[in-house]
Amino acid sequence: MSKPAEWSVEVSKQLYGLEHSIRGEYLTIDETGALVLKIGDESVRIIDLMKKYGFETAYIRFLPAIKSTMKKVFETFKTLSQIHGYTGKFQPVFPMKVNPIPLVIDAIWRYGEEFNWGFNSGSIGELRLLHRYLDKGSRLLIYDGVVSDNVLKLLMDFKKAGWHVIVDVESEHDLQVLSKYGEINVGIRVKPFYKPGGKWSHSAGLEGKFGLTINTLLKLIKEYKWLNERAILIHIHGGSQIYELKHIAAIFDEARILFNDLRSIGFENISIIDTGGGMAYPYHDSRKGTPESPNYTIVDYLNLLIRKFNDVHPHPTLVFEGGRYIVASHRIVVAKVVDVRPYSTEYKPFETGNGERLIGIPESLEGIKKILQYTRDIQSKIKGKTLTLAERERVEDIITHYREEIIVKLAEIIRSNPSSVENIINDPLLYKILTSPSRRFIVNLSLFADIPDSVLVNQYFQVTPIQKLNEKPDVLAVLGDLTCDSMGELREFISDVEIETSVDSWFNRMDFRISHLPKKYLKLGGIPLHLPGKDEDYYLAFLDTGAYQDPLAMKHNLIYGAPEIVIDINGSGKPVIKVLKHGRKSYL
Ligand SMILES: *Cc1c(COP(=O)(O)O)cnc(C)c1O
């Protein structure tokens with residue numbers, strides 16, 4: 001057996017989720033322990049970018065990431081369709097609501113030329129933004145919102161300019177409006193019967209917000225005779241971030257049955273199937289089948305899509321409507337740590353003074369658990385009582401003394417007998433204390449403005465330091481933002497290290513919490529981080545914030561609007577870096 005590894009850049013890569021099937025292509029750690037972006041043939045240290053422009057908070061937009069996911073989707077389909085002999089067309093579209101900022105739409109437009117990438121729009125605002133590309137080419141435009149004469153007027157502009165326009169209908173109102181626009185093709189959006197689980201599951205099922213139920217559709221077919229002629233697409237969308245492949249399969253099955261049945265009752269012009277979004281992005285790439293970690297890849301997804309429709313004849317055109325998957329990786333939020341505070345009461349060696357004896361920490365796990373329980377009991381006993389300053393200090397000191405001493409003792413036990421770790425972490429009370437935070441790092445950002453989904457839907461975003469990645473972490477820290485809102489805190493961290501590391505490297509340098517255990521999937525109560533030295537600028541990066549976070553950004557406490565470092569690659573493979581100031585270098 002080889003000797004277990006000490007801390008290294010390789011351990012950091014696994015700990016901070018940087019061995020990644022998508023962003024791993026361009027985001028890595030260099031030999032100095034700095035997070036770097038590989039831009040064409042060059043490497044740029046992110047800390048150098050922050051220092052160069054003097055930013056404490058910034059969004060780094062790496063536009064080539066968008067191109068590379070588009071290409072991956074396109075080429076994967078191409079390869080798989082050759083393998084399966086699928087002759088239907090592939091038609092990707094970008095659902096604009098995922099990120100409608102002009103920079104992103106422009107990237108989709110430019111990079112999408114080669115793949116004929118279309119758009120899915122759900123609002124008049126999005127149509128107006130797209131209007132600037134009206135005469136620059138023609139793409140597929142699927143309109144998926146509530147229709148009105150104003151919407152249709154805009155859509156007619158696209159149609160006249162040569163775009164392929166399809167308007168999804170999902171109610172009688174839509175059909176009434178569309179009756180007047182005979183030259184517009186329609187898509188029939190049907191509610192998925194199947195609920196795929198996950199945070200957006202309520203978008204599906206018979207009570208879902210979008211689409212027609214079959215009984216309404218069958219009624220409308222009788223009343224609106226033109227529907228047979230004009231319907232060319234069926235659309236079924238099961239929600240976003242569907243993290244298990246079996247749920248995707250169920251949605252595809254529904255789409256296939258709808259397609260076959262509608263064609264058999266006379267909808268002969270339907271030749272396009274739009275199975276909606278749902279292609280999950282691996283926020284944590286461990287294939288666990290959890291909300292942050294889908295159990296499938298784009299290859300599995302497209303393979304399934306083609307297999308499900310391979311028996312349908314003629315082979316329909318297949319619309320890919322994933323947006324999260326395409327843009328999530330392109331934006332990195334970088335922010336400086338501006339303060340380090342104790343998480344709870346501060347640990348100082350307990351001075352009993354007048355000859356009192358403190359109980360030592362026992363060697364047995366049972367004894368340790370008894371003391372842990374005792375520190376909890378004290379807190380509940382004094383609940384509601386008013387304590388003097390001296391009493392309160394004493395209680396705080398006692399509680400922290402025992403908790404910290406217990407952590408040191410557990411570390412000692414594990415070091416002297418590494419196999420005991422299994423037993424210890426299987427005990428919920430002991431696991432919790434060994435993975436509890438000891439610090440609160442205040443970071444120069446607002447979760448509400450910069451990663452709102454961490455507040456709105458408790459979404460997991462990977463956090464990593466951008467420096468010192470060749471060093472073992474010092475502490476587990478909860479991240480507090482600048483808002484005066486207790487929801488502005490981030491504490492969850494998934495630790496999933498495969499490398500056989502030495503016992504010594506399992507424990508943080510300062511607080512003796514564990515940052516990882518080899519081949520164990522752990523959820524920690526804080527982020528493993530280094531204590532910034534005096535006058536040291538210590539920055540954190542929040543990865544994969546390119547989908548939904550821009551349009552959902554909130555202005556809580558009026559903290560919003562970070563500067564942006566926009567990176568692209570020119571024709572000869574060289575980086576092109578533009579800075580958009582938005583007025584401030586720091587939120588402070
Ligand atoms: C939101 C939405 C999408 C995007 O889905 P993601 O899985 O988040 O990429 C696709 N299609 C429709 C109709 C949507 O409303």
Side-chain angles (χ1 to χ4, degrees), residues 22 65-66 69-70 72-73 91-100 104-105 108 112 117-123 125-127 140-147 166-171 174 186-192 195-205 208-212 233-245 247-248 251-252 254-255 272-283 291-292 294 296-298 300-302 304-305 318-331 452-453 456-457 459-460 544-552:
I22 295 170
I66 296 177
T69 43
M70 289 171 102
K72 191 173 192 143
V73 169
Q91 175 58 71
V93 295
F94 180 69
M96 292 179 74
K97 78 157 191 293
V98 178
N99 197 330
V104 168
I105 297 302
I108 301 280
W117 217 277
F119 294 86
N120 169 304
S121 159
S123 79
E126 291 171 0
L127 290 179
L140 171 63
L141 171 55
I142 299 176
Y143 183 79
D144 225 341
V146 177
V147 295
I166 300 173
V167 178
D168 280 355
V169 291
E170 49 180 340
S171 74
D174 292 350
V186 302
I188 296 177
R189 183 161 180 181
V190 176
K191 289 192 189 199
K195 279 168 124 56
K199 298 183 200 284
W200 289 274
S201 187
H202 56 275
S203 29
K209 181 174 171 192
F210 307 107
L212 293 154
L233 171 147
I234 59 160
H235 185 191
I236 178 165
H237 168 71
S240 196
Q241 191 70 1
I242 301 176
Y243 54 87
E244 286 191 78
L245 195 61
H247 298 318
I248 297 279
I251 298 289
F252 290 173
E254 275 194 54
I272 309 172
I273 295 188
D274 181 347
T275 47
M279 173 66 216
Y281 181 81
Y283 291 92
E292 61 280 345
Y296 63 91
T297 65
I298 188 68
D300 303 321
Y301 179 96
L302 293 174
L304 187 67
L305 181 67
L318 298 174
V319 172
F320 174 81
E321 223 177 36
R324 183 191 289 278
Y325 186 79
I326 299 297
V327 296
S329 64
H330 94 279
R331 195 187 83 161
D453 271 343
L456 287 171
V457 287
Q459 192 186 311
Y460 186 79
D544 309 315
T545 64
Y548 294 105
Q549 307 316 293
D550 284 302
L552 293 176

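Remember, it's 1-based here, ligands and their atoms both numbered in the order they're listed.
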I need the L245 CG to T297 OG1 distance, nearest 0.5 Å.
8.5 Å
side-chain hydrogen bond (donor to acceptor under 3.5 Å, both in side chains) between Y548 and D453, intermediate numbers included
CA-CA 8 Å; Y548 294 105; D453 271 343; over 6 Å; no
Is there a nitrogen or oxygen of [X] sitting under 3.5 Å from a nitrogen or oxygen of ligand 1?
X    : result
R189 : no
H235 : no
G239 : no
K97  : yes
Y325 : no

Subset of ligand 1 atoms that lie under 4.0 Å from at least one heavy atom of G322:
9 (O)
Ligand 1 to G323, heavy atom cutoff 4.0 Å, flagged ligand atoms 9 (O)
By the definition side chain to side chain contact (heavy atoms under 4.5 Å, CB included), identify the one residue from V98, I108, V104 that meets it with I326.
I108
Just let me know how [X] lines up against ligand 1, side chain, backbone, both or neither, with a heavy-atom cut-off below 4.0 Å.
X    : answer
P95  : side chain
F210 : neither
I242 : neither

Please find the pair of heavy atoms, one from A65 and one from H330, that lie closest to each other, and give the distance.
CB-CA, 3.9 Å
Atom 6 (P) of ligand 1: which protein heavy atom is closest, and how many Å away?
S240 OG, 3.4 Å
Name the closest protein heavy atom to atom 11 (N) of ligand 1, giving the residue it belongs to and the distance to 0.1 Å.
E321 OE1, 2.7 Å
Sole residue of T275, D168, N120 in side chain to side chain donor-acceptor pair (under 3.5 Å) with H235
D168
